[in-house]
Number of protein chains: 2
Amino acid sequence: MALAVQRALALLRLFTQSRPEIGLSEAARLTGESKATVYRLFGTLCESGLVEQVEGTKTYRLGPAVLDLARVREATVPLLSVVQPVLDDLLELTGETCHFTQFNGQAMAVVATAESRKVHRITMQGINTLPLDTTAAGVAFLAFASPAVSASVLQEAARDAKEKAELEARLELTRARGYSEYEFLGDDEAFGVAAPVFRGGSFAFGSLAVVVPPHRMQPALFQKILQGILAGSKTISMKIGSQLRVEH
Amino acid sequence: MALAVQRALALLRLFTQSRPEIGLSEAARLTGESKATVYRLFGTLCESGLVEQVEGTKTYRLGPAVLDLARVREATVPLLSVVQPVLDDLLELTGETCHFTQFNGQAMAVVATAESRKVHRITMQGINTLPLDTTAAGVAFLAFASPAVSASVLQEAARDAKEKAELEARLELTRARGYSEYEFLGDDEAFGVAAPVFRGGSFAFGSLAVVVPPHRMQPALFQKILQGILAGSKTISMKIGSQLRVEH
DNA sequence: GACCAGTGGTTCGTACAGTGAACCACACAA
DNA sequence: TTGTGTGGTTCACTGTACGAACCACTGGTC
């Protein structure tokens, strides 16, 4: 394919919430390209408005033209305008952090969030993607993804036969229930509950999830969350043109 | 600069709200490039997720990765999260269609809107950009833009000395008032009132406007609109890190 | 069925566009 | 002063991008 274009687009992907601005030399180090190449490609990206240089400094950041693109995309395939009200309602119902993620080919990309107002919360600040195998959102998506996608991901994610079997069992359970739960242990312990979201077919493309500090997960809250994500995922799936595939 | 990259980015700009999907041959005609070139560039854009092919057809449309970019941009330079609530409040206050536009180098790009709920309204549906010289938003921006920008635009927009003098007078009046008004005549007649929005400097980067069917513009409504856009533009300017330059 | 116009897509010779080594100016720290 | 780092420029060379020519398929008309 077009190598120069690939290199330019790889520069766009360098910008993240945790690294919103990048200098020329740093970008060259991160991509492995020469400074001259990076300088020229950034120049072209700046001409298009997709990248801009920060006033007063020489660092680069994403430019306003990305908002234009997103606006056209949102009008073509409405998502945020459908998802955000659902997240806001879910936050009111549960009081916990909610998020919607969409499969981007490798992981679940965070599309929209509604952040808990509690001081002790699970935050989505600075989180761009979630792994497929170790989050409720990833598992909910994977359980209802197309066979090609789930086979490919199963192969990559599981490190050995035992982990593969565990993941497959978890996916089976998720398919039977219509939702997934996952307790992530360790410093960043979190309890997530998620439901798959469908669009234009019988396979999932994303997930609606609520994440809770584990010590707060009581049966009453769990029921609220479950009710909210099942209703919310159904609303989103319906509004963007599909049918929820699981019948209880 | 990087010609292949320019060509690829020009393909991105083909997608608009009124033309959300494009086939290979059409894109080749629109850009003047060969089908082979367009096919290859679209392939690379599809790999990156910025473009995708519509399921069941061969047409291309903007892909979900543009939402990722927009999310990073919004986190880096918050705009929509600041602007949309202001637009919603302004709509409640006036009952008329409100919009926020940002200068994109050639015209005012529509960033966000809040649409009147009246059946007879000025709509922003399908509008991507507004001209600088024949809209209240354009004039409000231009009156407070940097001298380099306004000189360049004055030269391009005005067709002869008379038009140039009229535009300059309009800009002077706008600077003295701190807002602009413009009545567009003809089939699409509309009365717009707009205030400039500033960020990170003493020059405008965008405009906050309300547009009304002319027959509905009464003094009481005009006062409401004026109050709303002056307060709203000040809120936006303050929240994204600047000072409103005009003191009344 | 034959023909035509249109679609998306493939191949490969060639030339031109992209690359990066070498260099520059500047800033800052020791 | 020396060294290290930044953003930036130049130009020889070659690798990549280009497009003319071609393909398969679809749908419409006669």
Side-chain angles (χ1 to χ4, degrees), chain A residues 1-16 18-63 65 76-77 105 148 200-201, chain B residues 1-16 18-65 72 76-77 105 148 200-201:
Chain A
M1 294 271 111
L3 192 54
V5 178
Q6 284 180 325
R7 286 177 168 150
L9 302 183
L11 288 179
L12 287 182
R13 285 199 294 274
L14 292 183
F15 300 103
T16 63
S18 48
R19 189 176 53 208
E21 297 179 12
I22 311 184
L24 174 65
S25 301
E26 190 185 357
R29 275 196 305 276
L30 290 169
T31 56
E33 310 296 342
S34 75
K35 276 196 302 179
T37 293
V38 172
Y39 180 72
R40 193 174 47 250
L41 296 177
F42 266 148
T44 305
L45 290 168
C46 282
E47 279 176 1
S48 75
L50 292 181
V51 168
E52 68 185 2
Q53 279 186 294
V54 186
E55 322 86 37
T57 79
K58 300 292 178 68
T59 60
Y60 298 92
R61 71 186 174 198
L62 289 175
T76 310
V77 189
Chain B
M1 293 273 115
L3 192 54
V5 178
Q6 285 180 326
R7 285 177 170 148
L9 302 183
L11 288 179
L12 287 183
R13 285 198 294 273
L14 292 184
F15 300 102
T16 64
S18 47
R19 188 176 55 206
E21 296 180 12
I22 311 184
L24 175 65
S25 302
E26 190 185 358
R29 273 194 308 273
L30 291 169
T31 57
E33 310 295 342
S34 76
K35 275 196 301 178
T37 293
V38 173
Y39 180 70
R40 194 173 47 248
L41 296 177
F42 265 149
T44 304
L45 289 169
C46 282
E47 279 177 0
S48 75
L50 292 182
V51 168
E52 68 184 2
Q53 279 184 296
V54 185
E55 324 85 39
T57 79
K58 300 292 178 71
T59 60
Y60 297 92
R61 71 186 175 198
L62 289 176
V72 173
T76 310
V77 188

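The sequence lines fix the lettering, A, B, ..., with proteins before strands; numbering per chain opens at 1. None of the values given here were measured: they were computed from a predicted structure.
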Would you confirm whether [X], through its side chain, and [Y], through its main-chain N or O, come within 3.5 Å as a donor-acceptor pair?
| X | Y | result |
| --- | --- | --- |
| A/Thr57 | A/Gln53 | no |
| A/Arg61 | A/Ile22 | no |
| B/Thr59 | B/Val54 | no |
| B/Thr37 | B/Glu33 | no |

Please verify the inter-ring angle class for B/Phe42 with B/Phe15; under 30° counts as parallel, over 60° as perpendicular, anything in between as tilted.
tilted
Base-contact (B) and sugar-phosphate-only (S) positions in nucleotides 7-14 of chain C, heavy-atom cut-off under 4.0 Å, - elsewhere
SBBBB---
What is the distance from [atom1] of [X] to [atom2] of [N], rounded to the nearest Å?
| X | N | atom1 | atom2 | result |
| --- | --- | --- | --- | --- |
| B/Gln6 | C/dG18 | CD | C1' | 13 Å |
| A/Leu3 | D/dT14 | CG | C1' | 13 Å |
| B/Arg7 | C/dC16 | CZ | C1' | 11 Å |
| A/Glu33 | D/dT16 | CD | C1' | 14 Å |
| A/Leu41 | C/dG18 | CG | P | 9 Å |

Please give me the minimum heavy-atom distance between [X] and [Y], naming the atom from each residue.
| X | Y | result |
| --- | --- | --- |
| B/Arg19 | B/Leu30 | NH1-CD1, 3.7 Å |
| A/Ala8 | A/Leu41 | N-CD1, 3.9 Å |
| B/Val38 | B/Ala28 | CG2-CA, 3.8 Å |

Polar atom pairs between nucleotides 27-30 of chain C and protein, under 3.5 Å, N or O only, would you list them?
none

